[in-house]
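Fair warning: this is a prediction, and the values are worked out from it, not measured in the lab.
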Amino acid sequence: MPLTFASYNIHKAVGLDRRRDYERILRILLEVDADIVALQEVDRRFGRRMAALPLDAIHAATDYTPVPLSMKPDSLGWHGNALLVRKGIELLEAAPVDLPVLEPRGAVRADLAVEGRRVRVVGMHLDLSGLRRRQQVRRVLHHIAQCREQCPTVLLGDFNEWSRQGCFREFGHDWRVLAPGRSFPSRRPMAQLDRIIISDGWEVRGTNVHRSALSAIGSDHLPVFAALDLPKK
């Protein structure tokens, strides 16, 4: 069976109708039905940085377990970035990744056990500045290089990159940049801001943007996903 990885900038659960509706976001996640999900803008930005998706609601309505990386007691993620993992997938290790920033940004990394194999996932939300985005990608790649064990890796998130190159130039030949499709803005998508990048060896079964009546208004982004087969040993 392939593993499905998804990325979704939920815009703090505020939809195009200007309603904050976490139940709608959870229903969208159920529609996507990915095994591992990277979320962006999952916490409110100011004050206690409360989670836009309540932890008890995630457990009650989905088959996901959030990777524990919150920076404050009421938060779900690290600078708004969170990872959800389907129950049954074992968490081996998790860590935040500090990024050089002009505004609050971050990345989160989790090492998982899948079919007896270590798999690494990094979710991120990069800067609006092109120069800063490239610096942030370098920091993520440096973090991965410093990990004790090297393993099949998937990077995904809102890269805020409007061009086909830009920060993607930082990835060498041992990485493959996937473009599932136009995901922003959700009503009439024009840009491929949400990307999935895979290390060498993964077999890509398919990629796509999740479009539905709910996702069209649930956030200003649409979810993107990729179905991947683990690299052969």
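For residues 178-205, the set of pairs meeting the salt bridge (charged side-chain N to carboxylate O under 4.0 Å, His left out) definition, not counting sequence neighbours, comprises R205-D229. Counting only residues at least two apart or on different chains, the ring-ring contact (aromatic ring centres under 6.0 Å, His included) pairs with a member in residues 188-207 are F5-W202. A ring-ring contact (aromatic ring centres under 6.0 Å, His included) check over residues 11-41, counting only residues at least two apart or in different chains, returns nothing. Every pair passing salt bridge (charged side-chain N to carboxylate O under 4.0 Å, His left out) that includes a residue from residues 139-148 is listed here, sequence neighbours excluded: E93-R148.
Residues L91 and V85 have side chains not in contact (no heavy-atom distance under 4.5 Å, counting atoms from C-beta outward). The side-chain heavy atoms of L141 and W175, taken from C-beta on, include a pair separated by under 4.5 Å. Residues Q40 and S7 meet the side-chain proximity criterion, which asks for heavy atoms closer than 4.5 Å. Annotation: side chain of H221 is not in contact with side chain of V224 (no heavy-atom distance under 4.5 Å).
If you check the side chains of D158 and H125, you find a donor sitting under 3.5 Å from an acceptor. Looking only at atom types and distance, the side chain of Q135 has a donor-acceptor partner in the side chain of R132 under 3.5 Å away.
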Show the atom names and distances, to 0.1 Å, of all donor-acceptor pairs under 3.5 Å that link a side chain in residues 28-36 to residues at least two apart or in another chain.
unit_1, atom_1, unit_2, atom_2, d
E31, OE1, H210, NE2, 2.8
E31, OE1, S212, OG, 2.7
D33, OD1, R86, NH2, 3.0
D35, OD1, R86, NE, 3.0
D35, OD2, T4, N, 2.8

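One finds the CD1 atom of I10 at 11.0 Å from the CG atom of D220 (value rounded to the nearest 0.5 Å). Between the NZ atom in K12 and the CD1 atom in I25 there is a gap of 12.0 Å [rounded to 0.5 Å].
D21 is linked by a salt bridge (Lys or Arg N to Asp or Glu O under 4.0 Å) to R19, counting only residues two or more places apart in sequence or in another chain.
Of the possible polar contacts, none joining the R134 side chain to the R169 backbone as a donor-acceptor pair under 3.5 Å is found. Proximity of a side-chain donor or acceptor of T153 to a complementary backbone N or O of C151 within less than 3.5 Å is detected. With Q150 contributing its side chain and I144 its backbone, the two residues share a donor-acceptor pair below 3.5 Å. Between the side chain of R109 and the backbone N or O of H143 there is no donor-acceptor pair closer than 3.5 Å.
Open room surrounds CZ on R176; 12 or fewer heavy atoms of other groups in view lie less than 6.0 Å from it.
Residues F168 and F159 place their aromatic rings such that the two centres sit under 6.0 Å apart.
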### Task
Begin from the C-alpha positions of R133 and D127 and carry the test salt bridge (Lys or Arg N to Asp or Glu O under 4.0 Å) through to its verdict.
CA-CA 5 Å; R133 283 195 297 273; D127 206 278; over 6 Å; no

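Nearest heavy atoms, L126 versus C167: CD1-SG, 4.4 Å. Contact record, P152 with R118: CD-O, 3.4 Å, taken as the closest heavy-atom pair.
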